[in-house]
S.K.: 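Structure below; questions to follow.
In each ligand, atom 1 is the first atom listed, and ligand 1 is the first ligand listed. The residues of the chain are indexed from 1 along the displayed sequence.
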Amino acid sequence: MNTTETSKLIDGKALAARVLEQAAAKVETIKSHTGVTPALATVLVGEDPASATYVKMKVKRCEAAGMKSIRVDMPKQTTTEQLVSQVTALGEDPDVAGILLQHPVPDQIDERAAFEAIPRHKDVDGVTATGLGCMFLGIPTFGSCTPAGIMTLLHEYGVTIKGAEAVVIGRSPILGKPMAAMLLEEHATVTICHSRTVDLADVVRRADIIVAAVGRPEFVKGDWVKEGAVVIDAGYNPGNVGDVDFEAALPRASLITPVPGGVGPMTIATLIDNTANAAAEQLGVEL
Ligand code: NAP
């Protein structure tokens, strides 16, 4: 990579480290005002190795920020009722500031029912219907961590969002949809694409900001990227490969997130920061 290309890289790892430092300072303030150590509860159902790794990373960052981590591991045959009752108990526990239910959950579970058991004030991953609804209405709430982390990256790198043509590829409730809502809230003209989109490449070519959230390795080709576009690759596929053909997109992009080291670290940092903010809100501490 030459110097020009290196200068196009969005360093999510560095920004995430700063966000985590700020979250740690918030935790210190909360502790000194109340004597309470904020806690994040993580719930993992089953033994999916990727999910287990994500939870481990979240626990580690949570503890590094000075927070308590309450880890709940449930067997893969857990029923919807059992999971809902566990999440409800965490929701009622005054020692828990935020709840993260790692998804996907095993097929027999009604994931939506489990998410809805999280009270809104502890929904630090922005997964409940109320949290998502607030996001769409522009009512302050804890934003879904991956799109909220992407917004922080765009702000940090001075990307013009107002009036920009933004194309989000993917419409999942945890990523594509809230991403589109957040970009729209900041006055981008947003198009959401999905598996039934016709002439996808042509739609993407219009974009000043591309967010790829597809879950398919190197799905977005270099010639789909308009000269000067900002390329955000939220994808994370086996072998540390994103959803964008990075090598082909790099010469045309003005800014681009690498995989790994782009969006991923910001997701966890946002979760930790959201939890610190949730604790402050619950304990009446002004940060
Ligand atoms: P998902 O629920 O599987 O959604 C994928 C989306 O991509 C769907 O909306 C789907 O469209 C769309 N899609 C699939 N094939 C397509 C095609 N051929 N053309 C256009 N659109 C297509 O995935 P997700 O949970 O949103 O995750 C997306 C990616 O982000 C994955 O790589 C995941 O690992 C990554 N991710 C990263 C983080 C992080 O922290 N970095 C966090 C979460 C997810 P339909 O709706 O029509 O099926």
S.K.: When you check the side-chain N and O atoms of T79 and Q82, is any donor under 3.5 Å from an acceptor?
M.R.: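 Indeed, the side chains of T79 and Q82 share at least one donor-acceptor pair under 3.5 Å.
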S.K.: Which atoms of ligand 1 are found less than 4.0 Å from any heavy atom of G170?
M.R.: 6 (C), 7 (O), 9 (O)
S.K.: Is ligand 1 less than 4.0 angstrom away from at least one heavy atom of A213?
M.R.: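 It does; at least one heavy atom falls under 4.0 Å.
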S.K.: Would you mind checking which non-hydrogen protein atom is closest to atom 20 (C) of ligand 1, with the distance to 0.1 Å?
M.R.: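 Here the nearest protein heavy atom works out to H194 O, 3.0 Å.
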S.K.: Among I150, L175, T146, D125, which residue satisfies the side-chain contact (heavy atoms from CB on, under 4.5 Å) criterion with T267?
M.R.: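 Testing T267 for a side-chain contact (heavy atoms from CB on, under 4.5 Å) against I150, L175, T146, D125 leaves exactly one candidate, T146.
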S.K.: Is the closest basic N to carboxylate O distance between E165 and K226 below 4.0 Å?
M.R.: no
S.K.: Under 4.0 Å between a Lys/Arg side-chain N and an Asp/Glu carboxylate O for R205 and D202?
M.R.: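 Salt bridge between R205 and D202, a charged N being under 4.0 Å from a carboxylate O: yes.
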S.K.: Show the atoms of ligand 1 that are less than 4.0 angstrom away from any heavy atom in R196.
M.R.: 47 (O)
S.K.: Please compare I268, V214, T267, D243 and report which has the shortest non-hydrogen distance to atom 22 (C) of ligand 1.
M.R.: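 That would be V214.
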S.K.: Hey, looking at atom 48 (O) of ligand 1, which of G215, S195, C145, G149 has the closest heavy atom?
M.R.: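 Nearest heavy atom to atom 48 (O) of ligand 1 lies in S195.
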S.K.: With respect to atom 25 (O) of ligand 1, which of I174, L175, I150 exhibits the smallest heavy-atom separation?
M.R.: I174
S.K.: Listed by chain and number, what are the side-chain hydrogen bond (donor to acceptor under 3.5 Å, both in side chains) partners of S254, not counting sequence neighbours?
M.R.: none
S.K.: Taking only Lys NZ, Arg NE, NH1 and NH2, and the carboxylate oxygens of Asp or Glu, determine whether D95 and K68 approach each other closer than 4.0 Å.
M.R.: no
S.K.: Under 4.0 Å from a heavy atom of F219: which atoms of ligand 1 are those, numbered in the order shown and with their elements?
M.R.: 17 (C), 18 (N), 19 (N)
S.K.: In terms of atom number and element, which parts of ligand 1 are under 4.0 angstrom from non-hydrogen atoms of N237?
M.R.: 32 (O)
S.K.: Please list all pairs passing the side chain to side chain donor-acceptor pair (under 3.5 Å) test where one or both residues lie in residues 278-287, with sequence neighbours left out.
M.R.: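 Qualifying pairs: none.
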S.K.: Please state which option from G262, A234, P173, S172 has its nearest heavy atom closest to atom 23 (O) of ligand 1.
M.R.: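 Looking at heavy atoms only, the winner is S172.
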S.K.: Which ligand 1 atoms, with their elements, are less than 4.0 angstrom from a heavy-atom of G264?
M.R.: 41 (N)
